[in-house]
Each structure stands twice: as C-alpha cells, then as structure tokens.
Amino acid sequence: MKYDFAAIEKKWQKVWDEKKPYAAVNGSDKPKCYGLIEFPYPSGQGLHVGHPRPFTAIDIVSRKKRMDGYNVLFPIGFDAFGLPTENYAIKNHIHPAIVTKKNIENFTSQLKMLGYGFDWDRCIDTTDPKYYKWTQWIFLQLFKKGLAYKTTMPVNWCTSCKCVLANEEVVNGVCERCGSEVVRKEKSQWMLAITKYAQRLIDDLDSLDYIERVKIQQKNWIGRSTGAELNFDTTVGKKLTVFTTRPDTLYGATYMVIAPEHAFVKENREKITNIEAVDAYIAEAAKKSDFERSELAKEKTGVQLEGIKAINPITKKEIPIFISDYVLVTYGTGAIMAVPAHDDRDWEFAKKFGCEIVEVVAGGDVQKEAFTVKDDSGIMVNSGFLNGMTVKEAIPAMIKWVCENGIGEEKVNYKLRDWVFSRQRYWGEPIPLVYCEKCGWVPVPESELPIVLPQVDSYEPTDDGESPLSKMTDWVNTTCPHCGAPAKRETDTMPQWAGSSWYFLRYMDPNNDECLVSPEAEQYWGPVDWYNGGMEHTTLHLLYSRFWHKFLYDIGVVHTPEPYAKRTSHGMILGEGGEKMSKSRGNVVNPNDIVDQYGADTMRLHIMFIGDFEKAVSWSNEAVKGSKRFLDRCLNLVDNVSDSLEISPKNESIIHKTVKKVSEDIEDLKMNTAIAALMAMVNEFYANGVTKGDLKYLVLLLSPFAPHLAEEMWELLGFAASSGKMAMQMSWPTYDEAKTIDASKEIAVQVNGKLRGTVIIPLDAENDEVVKIALANEKVSKFIGDADIVKTIVVKNKLVNLIIKPKA
RNA sequence: GUCGGUGUGUUGGAAUGGUAGACGAGGCGGACUCAAAAUCCGUUGCCGGCGACGGCGUGUGGGUUCGAGUCCCACCACCGGCACCA
C-alpha cells in the first residue's frame, strides 16, 4: 500500500479538531498529569526546526500518560509581547496587535500540521487584555507588599536610536540594531525585589526533580556567599563597611578600595585633598559601559583618596583608601578591604600603586604572586591570635572576634540583583499605577483592570527614551484613585518576562473572569508535573517564574511553593555541518518543507530519533529518509498480515521486550532508543511474518510517535470498528516480565580478560555448569592448552572469565 | 579565569564496570526492472592473511580491576553559562 501521508494526516487532523480527544477535563476524579512546554514567541518567521524537538517529546509523554489512564493537560499558548513585533510595527506602520494576530494564526496552523495533542480550547495569548488583566493584578499585589519599587538605575542607552536597550540587545558594547555606541544612563525604573527570595530560591531546589545542570546554573546565578561585614574606622570619623568572605585575612588588609559610585566620596568631599583627580576618575568610569568596564579588566586603574585614611580594626594601622572601578557598587557594600597577599586582583592593584603586601597565610611567595589557597588548610601567620590555625579554623575565630569587639557581623551575600521591570516600550503590559503629587505612586483599583494599551500614532520611543505611551496625554492624565486630584499614569510597560512568569496557571482555568485561576482548578492541576524548556531560560524565565509563584504562594493564590515538579532540557538542533542554524549561513531548516516532503509523522519520528534529547545534534536532510522508510515498512505490514488476533509465538518475545523498552524509554525521554527498539521489532516482523494480534502492539506503541499513521493502521486493521475507539484512546500495552527473558543465553567467554569466544548456556545456569560449557568450546580450549586454570569469574547470564597460568 | 558538558566507524548515534559500534544514513554486492527510482535480501571499524584466523581499536598519558568507552588522577581539544562577585 502506498503511504499517502498527506491525505492520512489531513484526514485525522480533521477528526481530532472535531472530536477533541485531547481536551483536559476540569473536575475529573482521574489522576492528573500536567505536561508543559515553553510557549513560543510568535515571530514572523514562523516555526523553526528547533521548536518541534521539545514539543514532540512532551507530546509523546502526554499521549502515553493519556493511554496510561491519566487526565492529561498539555496546553499551548503564545508569549506574544516583545520587541521583534514592535520593531516590525515601527517599520511598517502596522499595529503590533494585527501583526501578532497574523503570526499566531500562522503558528497555529503549523502546530496543527505537526499533529500535536494540545488542548486548543485552552490556548492563551499574553497580549489579550483578558490575560494581561491578571499579569497586572499580580504586579499590583507585588506593589502592595512592597516588592515592587521605583529606583534610579544605570541603563543601556543607544545614542543613535535614543532608546533604552535590554542587556540582550547590547552586543559587544554596541547597539544590536544600528551598531552605534551604547552608554550608561541613569533612569528611574520599576524593580522587583527578587533578592528577598534568594535564599528560598536556592533552598527549594533540593526538593525538585530538575536535571542537575539546571540546579547548578540557578545556584551559581543566585551566587550565595557567606562571610562577614566589617566596619573600618577612618580619619574623618565616618566608618567604611566592607563585605569579605575571608575575614581570617584581616591582618593582611593593607588598603581599602571603594567603587566609583560609592557615597563615601560625596559625603567627604571637603576632606579629600585631590578631589579634582577623584572627580575626573569618577566621570571617566561613568562614561564606560558595563561591557567596557569588564573588557578593560586587564589593567587596574584607580586614584587614592588623599587626606583620608582608614584604620585596620585589628592592626590599628592607618591604611590608604583608593577609588577604583574593579570594585562593583552593586555587590556587597561597594567597598572592599584589600588583601594583596592572597587575592589576585588586589595583588595586581597593589603592585601598580605600591601598596604594602603582608603575608597572612603561609605557603607561597607573596612578593612574586598572590597566594590564593584552593582549600582551607593553609596555616595562618603574622596574624596575632590566629597564628598557627588553619584557614578553616581562623574564619570562625575571626568572626567571633569581630562580633565581640563590635567591629562587624557574619553576613550572607548574593550575586542575584533585583529585577529591572520597566521598559520604555509600547508593546507590553501597561504598569497599572498612577502618580499623584500628593499621594505618590497609587495602584489602580483592581476593579479597573485591565488597563488596556491605548491606540497610539507612533510606536517609537520618544527622543528622551520615554515610552510612546507618554505622548498620549488623554490617556496619561487621570485622577488619583486615592485623593481624586489630577494625576498621571505610569507610561512604562512590563518586560516580556512578565506574561510568561505565570502562564502555566492560566491554562488550568483559562476563561475565568473572577480570578487568575480558581482554587479548585489550581488544587487539582498544580504543580506542573513535567516542564521542558531550553537551557537559555534557566536563569531568567525559570527563576522569574519560580519567584512569582513563591509570591503567589505567600499570598495564598496557589497551594505549592514551587510551580514545576520536574524540569528537563533539550539540546539544540544544529545545521548540517554542526554549526548553529542561521539565516546568514543559509542552513535553516523549515519544518514545513520536511512535512511537505515526508509528512508530519516522519518529521516527528525523525526529530526524536536524531540523537540524545539533551545533547545538541546536527540536522541531516539525507537521514530523514530512514525514518520515512520505517513508517513505510510499518504500513506495508498491513498488506501482509494474517487474520489471527493472537500474538504469533515467534514474535511473542520481541513484542514483550519492545513494550518494556519503549515504556521505560518514554519516561526517561530516551525517544531515540525507543524508536530503535520499534525498528528492531519491525525488522523481526519482516523476518517472521505477522498476525493482526502482533500489529495491534506495533500500532499502540507507535501511536505517540506517529499518531496519524497509527490511527490509519488501526482503522485498516479493523480495530477502530471492533473497539469503537481510536488507538490513542486505548490502554497502553502491558508486558509480561517473564516473556521478556529468553530460555537460553549467549554469553562471552574470556581467557585472562580477553574475549575468546561465545557459548550458549541455559538461563541462570550454575557457575560450574557454565565453566564446563565454556571449556567444551573448541576455540576456548585451544587458548587454554595445558595451562592451569587458577581462577574463574562468572557473571550470571553475561560472561565467564577464565584466569590461566602457563605450566612452568 | 571559573562552573557545567562533550570527545566512540565514512556519518547521526547505541552500550546498569561484563561480547564496543544497537538502530539509522552512506558505501559495496545481489534480486526485481528494457532501464532507472522505489522495494526486498546480504555485507560494511581498522591492519595483515586466499582462508581458518590473528593483531589493533572509544581524544592523550598514567592508575584501580579478573575485566574500563564507563571509575580515579593529570592533560589536550571543542561546546555552553558566568565572569574584577571581594
């Protein structure tokens, strides 16, 4: 029979659209399974070949779970706010909502073309006011709890586009779009206090089934370090506070460094005798972008604050204070105690500026290079009461000393920064706040949500970098919800991360107008059982959404502290030569082309078969044929099947083995070996011949992978008529463990650890018998000759190793 | 620099410390065909040998073990994240 995939796929997609076999049921008493993929950004380019990899994998898992009897929620939606759409709108003078609608339609037809079992009735769109009403609602709750605040922040400013850029838009220090210089500019921004949740975001990782590298990357990103905060007296009376992870080296602190932005300079201007030089340095540092500051890291720069000294609290020595941009104002206290003997950066700086270098941990030559001990077993020297202790002992001893003497305290610091939440852009959720001269920032009453994006004439930011909304005076001018006086709306919008931070909750109850999700729906569906997504979202989206979910937990909206029970991650699909797919390389594969040429089932099968799910793999157009051939072979079996509904004895063993292998592999996301097992089974079917009973197993096992063809074969074999169900609605096949085990086994025979032959033994044969059979083998006995067997090692049903010693 | 990952035939990739290369792609040989495609069957790690067979093989060098692709140590290469985080 010819495999007319185009007709088959069209036929079954129509059936699914009508019968909705993928609908998830709210209020069911079945056990639930919530599988989630990262919802796509509906770009103008349409679906990329990278999308089907995670989508197909979780689709397969969902289909199997459905056959296992679960009430499955496998939803889809669109993360549709974002810059590319806005830029397209600016360029072509089309409203972004129109562009978005068009793109979503295109994505929808492409996703349906691939036969995914999404519950389309739960489809969401983050740009729909009915959806972003609740994004705004969550923001208001954050604001009310003091977790959203406005502060002045240095931002990336493109001097040519005259607009604020996200960090991702700054490439090698220049604007990604126009290539012009990007500088730092102070702007007032809304911030979310994610750092308040830093410790919980680390601690709760332990209870989650996330792949290890995701956990590690999140932990590193949050960057917890423990140490002490110490107060240094200065000759001007004011104290300088530093954070250090190595309080044990306090005796070696021979100078201090503060960041250029540190308030100490401003507060002590009149005491600094070289204030002109200091001001000049500060001005120079402000001109540099973050990128330049880290690029120019090789050569340390700085200026000493003349006229002021600090006092080392334990040696009581006066030490100089420097200002330098190698100290970051955003980490710790923005000031450090420098221990040049044991820190590479401090050492480099000390050499350049002629500072004293005092060894406090023995073991290196600190005049030649900094001695930075890798473990904490170094011995303290030149350190008073710490002398002779190991570093490990000295750290708590010094912390105890500083606490007792009122010098400082133990302290934990995080690299994580608060989340810059404002964008001076049009195509995002308006921030639902009003500024009143008298009352300050006032939340819009919840009854007025959503604050809908108004129509504007132009989507371009203003010359001074304000959102285009700021030009809409009718919209901006309003009254204070608190006192009724004239007031102005916030014109900043939210970043793209906002809508995606809680979307998985909306799927549970997508049409609820009363609340973002009903407690009943959330209790039943939450948390997400399995969430797969890209590694590139580990430190942004994944962290942000965990933060929001913890907040929603704290205010009683959700019943679990974590949104996702399990997280896996897929590898990238590379071009033919193992290079990244890109338009400039011309190696981009469009899924439509593959579907046109080979069909959706082949596309699905091949993207799973191509290699280990977690690793990057390169696409090969040539190799797709193999997957197509396999489906051809499956269908052709229908023409050569015998009518028996029993399993044929010849195929019984391979069927049970394959059911076992495929069942286990799907749960482990090892779709490549599951498909290999199916191929092996079909190869045996060709060799042995098949009954309808045999093919029933093949169809059911195949149905998550190639759902269209599976339904077609199910119908052709008459099972649709006899069961009244589609294959996907049947129970997942079970296997009998006993039937997966063969009665006899071929095992390896080694002589002195080297393979010398194979023999066939009865299953679970005793060791003596195995050795006897092995010795009876001609090739083996030839190798042994007249040597003595000094030892035999038998691994049950696997191998026998004979250790021999030649006769003297 | 640092954290994480990877390194296996011509090629994509398989292998709970136990017969390396499953399953594909490509190649080669054969069947069918006027012929070609498609399909089916066989074969395919490298070296030596007509052959039986022997030797060598999982980035490099050591180690543990009866036995190492797999575990340990050192190194090299590539990929990804972070990067003056005190």
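Computed from a predicted model, the values in this text were never measured in an experiment. So that the names make sense, note that chain A is the first sequence line, chain B the second, and so on, each numbered from 1.
Distance check on atom P: B:C40 versus B:G24 gives 11 Å, rounded to whole Å. B:A31 and B:G45 are spaced 28 Å apart, taking the C1' atom of each and rounding to whole Å. A distance of about 14 Å separates the C1' atoms of B:G57 and B:A68, rounded to the whole Å. Look at the P atom in both B:A83 and B:G12: the space between them is 33 Å, to the nearest Å. Distance noted for atom P between B:C75 and B:U2: 10 Å (whole Å). The separation of B:A15 from B:U58, taken at their C1' atoms, amounts to 11 Å, rounded to a whole angstrom. Rounded to whole Å, the C1' atom of B:G21 lies 11 Å from the corresponding atom of B:G69. For the C1' atoms, the distance linking B:G54 with B:G4 amounts to 44 Å, nearest Å.
Among the protein residues, A:Ala616 comes within range of the sugar-phosphate backbone only, with heavy atoms under 4.0 Å from sugar or phosphate atoms but none that close to a base. Using a 4.0 Å heavy-atom cutoff across all strands shown, A:Thr758 reaches at least one base atom of the nucleic acid. Within the 4.0 angstrom heavy-atom criterion, only backbone atoms of the sugar-phosphate kind lie near A:Val617; the bases stay farther away. A:Glu746 comes within 4.0 angstrom of a nucleotide base, judged by non-hydrogen atoms across all strands. When heavy atoms are screened at a 4.0 angstrom cut-off, A:Asn672 is found touching the sugar-phosphate backbone but no base atom. Across all strands shown, A:Phe349 has no heavy atoms under 4.0 Å from either base or sugar-phosphate atoms. Looking at heavy-atom distances under 4.0 Å, A:Ile610 makes contact with sugar-phosphate atoms alone, never a base. Base engagement by A:Arg417 is indicated by at least one non-hydrogen atom pair under 4.0 Å involving a base atom. At the heavy-atom level, A:Lys745 lies nowhere under 4.0 Å from the strands shown. Among the heavy atoms of the strands, none lies under 4.0 Å from A:Thr792. Across all strands, A:Asn801 comes closer than 4.0 Å to base atoms (heavy-atom distances). The residue A:Asp612 sits close only to the backbone: its heavy atoms come under 4.0 Å of sugar-phosphate atoms, none of a base.
Each of B:C66, B:G81, B:G4 was ranked by its minimum atom distance to the side chain of A:Ile803; first place goes to B:C66. The A:Glu622 side chain lies nearest to B:G26 when the options are B:C23, B:G26, B:G18. Proximity note for A:Asn683 (side chain, C-beta onward) versus B:A14, B:G4, B:G24: the nearest is B:G24. Distance from the side chain of A:Lys625 is smallest to B:G26 among B:C82, B:G26, B:G18. Comparing B:C66, B:A86, B:G81 by their nearest atom to the side chain of A:Val327 picks out B:A86. Relative to the side chain of A:Lys779, the nucleotides B:G26, B:C84, B:C53 differ in distance, and B:C53 lies closest. Closest contact between the side chain of A:Ala676 and the listed nucleotides B:U16, B:C82, B:A22 involves B:A22. Proximity note for A:Asp325 (side chain, C-beta onward) versus B:C40, B:C84, B:G18: the nearest is B:C84. Residue A:Val795 places its side chain closer to B:G18 than to any other of B:C23, B:A86, B:G18.
Taking the syn range as angles within 90° of 0, the glycosidic angle of B:G9 is syn.
With hydrogens and angles ignored, a donor-acceptor pair closer than 3.5 Å exists between the side chain of A:Lys300 and the base of B:C84.
The phosphate of B:G81 has neither OP1 nor OP2 within less than 4.0 Å of any side-chain N or O from A:Thr539. Proximity of A:Arg629 to the phosphate of B:G26: a side-chain N or O atom is located under 4.0 Å from OP1 or OP2. The phosphate of B:C56 (OP1 or OP2) has a side-chain N or O of A:Lys754 nearer than 4.0 angstrom. Applying the 4.0 Å criterion to OP1 and OP2 of B:C40, one finds that A:Arg633 has a side-chain N or O inside that range.
A:Tyr210 places none of its side-chain heavy atoms less than 4.5 Å from the side chain of A:Gln217. Looking only at side-chain heavy atoms (C-beta outward), A:Arg53 and A:Met608 come within less than 4.5 Å of each other.
As a whole-Å value, the separation of A:Ile793 CD1 from B:U19 C1' is 16 Å. Note: CE (A:Met679) to P (B:G12) measures 17 Å, nearest angstrom. Atom NE2 in A:His262 sits about 13 Å away from atom C1' in B:A86, given to the nearest Å. Remark: C1' of B:C56 and CG of A:Leu755 are 15 Å apart, rounded to the nearest angstrom.
Mapping A:Lys661 and A:Gly753 onto RNA chain B via the closest heavy atom, the residue that lands nearer the 5' end is A:Lys661.
Using a cut-off of 4.0 Å between Lys/Arg side-chain N and Asp/Glu carboxylate O, A:Glu664 and A:Lys670 are scored as not salt-bridged. Under the 4.0 Å criterion applied to side-chain N and carboxylate O atoms, A:Glu38 and A:Arg567 are assigned as salt-bridge partners.
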task: May I have the step-by-step check of side chain to side chain contact (heavy atoms under 4.5 Å, CB included) for A:Tyr735 and A:Thr740, ending in yes or no?
output: CA-CA 8 Å; A:Tyr735 61 92; A:Thr740 66; 4.1 Å; yes

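With A:Phe349 as the aromatic partner, A:Lys300 does not meet the cation-pi criteria of under 6.0 angstrom to the ring centre and within 45 degrees of the ring axis.
Contact between A:Lys650 and A:Asn688 at its shortest, heavy atoms only, is O-ND2, 3.6 Å.
Judged by distance alone, the side chains of A:Ser225 and A:Tyr331 do bring a donor and an acceptor atom under 3.5 Å apart.
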